[in-house]
Structure formats: C-alpha cells, structure tokens
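These numbers were taken from a predicted model, which means no experiment stands behind them. Note that ligands are numbered from 1 as they come in the structure, with each ligand's atoms numbered from 1 the same way.
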Amino acid sequence: MQKKGKFIVFEGIDGSGKSTQIKMLGEAFKKRGIAFCETLEPTFGIAGEVLHDILSGKKTADPKVTAALFAADRLDHLTNPKNGVCKTLDEGTCVICDRYYFSSYAYQSVEVPKEWVVSANSLAAEILRPDCTIFIDVEPRVAMERISQNRENIEIYESLERLTAVRCAYMEAFSSMKDVENVKIFNGNKMPEEIALEIEEFVFGELL
Ligand code: ADP
Ligand code: TYD
C-alpha cells in the first residue's frame with residue numbers, strides 16, 4: 001500500500017508570515033521532487049464562502065455561529081470527495097495547510113468559551129490530527145506593522161489588541177494540548193530566508 005502523505009499545518013497570527021513560509025517550503029518540496037499540495041482555511045467551499053464575507057465585514061454573524069461555520073468548513077475541507085485533504089493524503093501526497101483547528105482555538109475562543117470551540121472541532125480532530133503544526137511566532141506589534149504596510153483591506157480580527165489576545169490563546173492551547181499535538185514554534189521575527197531554512201531542516205530532517 002502507498003505510504004500516506006504527511007499533513008503539515010502552519011499557524012500564526014495574521015501577518016506572521018505563514019503564506020511567505022508556505023511558499024518557500026513548497027519550493028523546497030519541488031526541489032526534492034516530493035509530491036505535495038498547498039491548501040488553506042477558510043476554504044472557498046460552501047461554508048468557506050460565507051466565512052470570507054463575515055471576515056471582510058460584508059456579512060455579520062454571532063461569534064458562536066462563526067465558530068460553528070469554521071468547524072463545518074473544516075469538515076468539508078477534510079472529507080470533500082473531489083479534493084478533500086484526507087483523499088489527497090491517502091494518495092501519498094503531503095498536504096501543507098495554512099491554518100487548521102488551532103486557529104479556531106485561538107481566534108474563536110477570544111469570544112466563545114474554549115471548551116465549546118474544542119468540542120465543535122472534535123470531529124475534525126478525530127478524523128485528522130496534523131503530523132506537525134508549525135507556529136510562526138511574531139510579536140503582535142510587528143505583525144500589525146506588516147499588515148498595515150501591505151494590505152488595502154484590514155479584516156475584522158486585525159487589531160493590535162485582538163492579535164495580542166489571539167497569540168496568548170494560541171500559547172494556552174499549545175500548552176493544554178501538548179500531550180496529543182506535535183507543535184513546533186519558529187521565531188518569525190527573523191529574516192524570511194533564515195526562518196525558511198530552519199523549517200526546511202525540521203521538515204526534511206525530522207518529519208518526513
Ligand atoms: P500571513 O500569511 O501570516 O498573513 P504573509 O506571509 O502574508 O503573512 O506576510 C505578511 C507581510 O509580511 C507580507 O508583506 C510579507 O512580505 C511580509 N513578511 C513575511 N515574512 C516576513 C519576515 N520574516 N520579515 C519581514 N516581513 C515579512
Ligand atoms: P487568513 O486568510 O489566513 O489570514 P492571514 O493571511 O491574514 O493570516 O485567515 C483569515 C482570517 O480567518 C484570520 O484572521 C484568522 C481567521 N480564522 C479564524 O478566526 N478561525 C479559523 O478557524 C480560521 C481557519 C481562520
């Protein structure tokens with residue numbers, strides 16, 4: 001039987017440099033000729049479409065509804081028979097994913113009780129836990145500077161106060177789940193190339 005692909009998730013506050021690092025890790029996969037696929041949450045599937053409107057402020061929803069939509073979008077992302085993550089991994093392809101359930105634990109638990117958020121995501125956790133969650137850690141002030149320099153539209157969660165609370169919630173979630181989750185924290189305040197090298201060494205030296 002073909003070996004299952006690895007599921008590698010990137011997490012971090014907005015502006016932490018996830019997209020930049022995912023692109024660089026993708027190049028490293030290509031260089032080695034290892035099959036991989038990049039994906040992200042929220043998706044553009046049935047629940048994901050609504051979430052994008054909520055994030056941009058086009059639609060409004062109670063935080064509990066938003067949290068439930070993120071959980072639904074995640075299940076669709078995993079199980080979708082056309083291009084679902086589980087199917088891709090079963091075919092032996094590695095999946096690099098921009099955000100997964102730790103994003104919900106960190107962002108939604110600022111407004112909704114964390115136990116509820118964890119419980120809403122328990123089906124996704126039963127189906128698939130990441131082989132590794134790579135957390136790019138930057139100071140919220142640095143992330144805000146990057147966001148305001150590079151974006152025309154600021155999303156609803158992008159304020160210094162909010163990103164500080166989110167970073168703190170990430171750290172709490174990592175600590176409370178350390179026995180069941182494999183989380184690697186990288187210092188995102190360094191130069192992009194330096195961070196990419198550290199991630200590359202970890203992924204190809206330890207994980208694969
Ligand atoms: P995210 O996907 O986490 O929101 P991005 O990768 O889009 O973050 O990066 C946000 C902005 O910061 C982009 O303009 C990017 O070029 C810049 N950036 C990314 N990584 C670094 C870094 N290590 N140092 C300085 N700027 C960075
Ligand atoms: P993303 O497009 O990755 O933003 P960025 O590139 O700025 O990091 O994610 C969009 C927003 O969605 C981001 O503010 C985090 C939020 N989010 C949640 O609140 N909960 C979730 O479960 C996920 C996946 C994302």
Side-chain angles (χ1 to χ4, degrees), residues 9-27 38-45 47-59 61-78 85 96-112 114 116-125 130 133-167 169-170 173 186-199:
V9 172
F10 276 74
E11 292 283 358
I13 59 175
D14 300 66
S16 57
K18 287 178 284 84
S19 316
T20 305
Q21 291 305 321
I22 288 173
K23 207 163 145 237
M24 292 168 104
L25 183 61
E27 293 300 326
E38 280 176 27
T39 185
L40 83 175
E41 293 188 4
T43 71
F44 291 90
E49 291 284 6
V50 184
L51 282 166
H52 284 286
D53 284 346
I54 293 172
L55 288 168
S56 65
K58 232 191 266 173
K59 285 196 172 100
D62 183 274
K64 288 191 270 318
V65 175
T66 307
L69 282 167
F70 274 116
D73 182 44
R74 190 153 295 129
L75 288 174
D76 181 40
H77 194 199
L78 289 177
V85 171
I96 306 174
C97 187
D98 191 342
R99 299 191 179 283
Y100 192 51
Y101 48 58
F102 270 113
S103 282
S104 284
Y105 303 161
Y107 284 78
Q108 273 61 60
S109 77
V110 175
E111 283 145 347
V112 180
K114 189 182 161 209
W116 191 92
V117 180
V118 171
S119 151
N121 280 280
S122 61
L123 260 181
T133 298
I134 292 177
F135 183 71
I136 313 284
D137 192 20
V138 292
E139 284 169 35
R141 187 185 43 80
V142 173
M144 272 314 287
E145 274 165 23
R146 290 185 193 168
I147 293 168
S148 43
Q149 270 168 17
N150 296 295
R151 298 259 178 90
E152 278 175 20
N153 305 309
I154 304 287
E155 289 187 332
I156 57 169
Y157 295 142
E158 295 174 342
S159 72
L160 183 60
E161 197 191 1
R162 173 85 194 189
L163 291 188
T164 305
V166 169
R167 181 179 175 275
Y170 262 122
F186 290 87
N187 181 353
N189 301 298
K190 298 181 183 175
M191 294 296 287
E193 295 73 18
E194 206 179 333
I195 307 165
L197 198 64
E198 288 176 9
I199 294 177

Atom 2 (O) of ligand 1 has as its nearest protein heavy atom Ser19 OG, 2.4 Å
Within 4.0 Å of some non-hydrogen atom of Gly188, the atoms of ligand 1 are 23 (N)
Next on the checklist: Counting only nitrogen or oxygen atoms and a 3.5 angstrom limit, does Arg74 reach ligand 2?
Outcome noted: yes
min-distance protein heavy atom vs atom 3 (O) of ligand 2 -> Arg99 NE, 2.9 Å
Worksheet item: For Met191, is at least one N or O under 3.5 Å away from an N or O on ligand 1?
Response: no
State, with a plain yes or no, whether a side-chain heavy atom of Glu139 is found less than 4.5 Å away from one of Arg167. no
shortest atom 19 (C) of ligand 1-to-protein heavy-atom contact is with Thr20 OG1, 3.3 Å
Check whether any side-chain N or O of Asp73 sits under 3.5 Å from a backbone N or O of Thr43 as a donor-acceptor pair, and report yes or no. yes
Open item on the list: I'd like to check Arg162 versus Tyr107 (side-chain heavy atoms, cut-off strictly below 4.5 Å). Are they in contact?
Closed with: yes
In ligand 2, the atoms that come under 4.0 Å of a heavy atom of Gln108 are 18 (C), 19 (O), 20 (N), 21 (C), 22 (O)
closest protein heavy atom to atom 22 (O) of ligand 2 is Ser104 OG, 2.6 Å
Quick look: Lys18 vs ligand 1, heavy-atom contacts under 4.0 Å, and the answer is both
(Q) Asp14 versus ligand 1: do any nitrogen or oxygen atoms come within less than 3.5 Å of each other? (A) no
of all protein heavy atoms, closest to atom 2 (O) of ligand 2 is Glu155 OE1, 4.7 Å
* Salt bridge or not for Glu145 and Arg141, using N-O below 4.0 Å? -> yes
Within 4.0 Å of some non-hydrogen atom of Gly15, the atoms of ligand 1 are 1 (P), 3 (O), 4 (O), 8 (O)
Per-atom filter on ligand 1: closer than 4.0 angstrom to a heavy atom of Pro192 are 21 (C), 22 (C), 23 (N), 24 (N)
Within the 4.5 Å heavy-atom criterion, are Thr20 and Met24 side-chain neighbours or not? yes
the protein heavy atom lying closest to atom 12 (O) of ligand 2 turns out to be Leu55 CD1, 3.5 Å
For Trp116 and Lys64 the tightest heavy-atom approach is CH2-O, 3.8 Å
Here the pair of heavy atoms bringing Ser104 nearest to Arg74 is OG-NH1, 2.9 Å
For atom 14 (O) of ligand 2, the closest protein heavy atom turns out to be Asp14 OD2, 2.7 Å
Exercise. Among the heavy atoms of Gly12, does any lie under 4.0 Å from an atom of ligand 1?
Worked result: no
Shortest non-hydrogen pair, Pro42 vs Leu55, comes out as CG-CD1, 3.8 Å
inquiry  = What I'd like to find out is whether the side chain of Phe186 reaches to under 4.5 Å of the side chain of Ile199, using heavy atoms alone.
reply    = yes
Report task. Answer yes if the side chains of Thr66 and Gln108 hold a donor-acceptor pair under 3.5 Å, and no otherwise. Result -> no
Closest to atom 11 (C) of ligand 1 among protein heavy atoms sits Asn150 ND2, 3.9 Å
When distances are taken from atom 6 (O) of ligand 2, the protein heavy atom at minimum range is Arg151 NH2, 3.8 Å
To atom 17 (C) of ligand 1, the nearest of Lys23, Arg146, Gln149 on a heavy-atom basis is Arg146
Within-4.5 Å side-chain heavy-atom neighbours: Tyr170 and Asp137:
no
Check whether any protein heavy atom sits under 4.0 Å from atom 9 (O) of ligand 2. yes
Are any of the N/O atoms in Lys18 less than 3.5 Å from those in ligand 2?
yes
ask   = Hey, does Asp98 come in under 3.5 Å of ligand 1, counting only N/O atoms on both sides?
value = no
For Ser103, the ligand 2 atoms with a heavy-atom partner under 4.0 Å come out as 20 (N), 21 (C), 22 (O), 23 (C), 24 (C)
CD1 of Ile134 to CZ of Phe10, rounded to nearest 0.5 Å, is 4.0 Å
closest protein heavy atom to atom 8 (O) of ligand 1 is Gly17 N, 3.1 Å
For Ile195, the atoms of ligand 1 under 4.0 Å from one of its heavy atoms are 23 (N)
The closest protein heavy-atom partner of atom 17 (N) of ligand 2 is Phe70 CZ, 3.4 Å
Tightest non-hydrogen contact, residues Lys23 and Glu38, listed as CA-OE2, 4.4 Å
(request) Say whether Lys190 and ligand 1 are in contact under the criterion: heavy-atom distance to a ligand atom below 4.0 Å. (result) yes
If you measure every N/O of Glu41 against every N/O of ligand 2, is any gap under 3.5 Å? no
Worksheet entry | Pairwise side-chain contact, Tyr100 with Leu78, heavy-atom cut-off 4.5 Å (strictly under) | yes
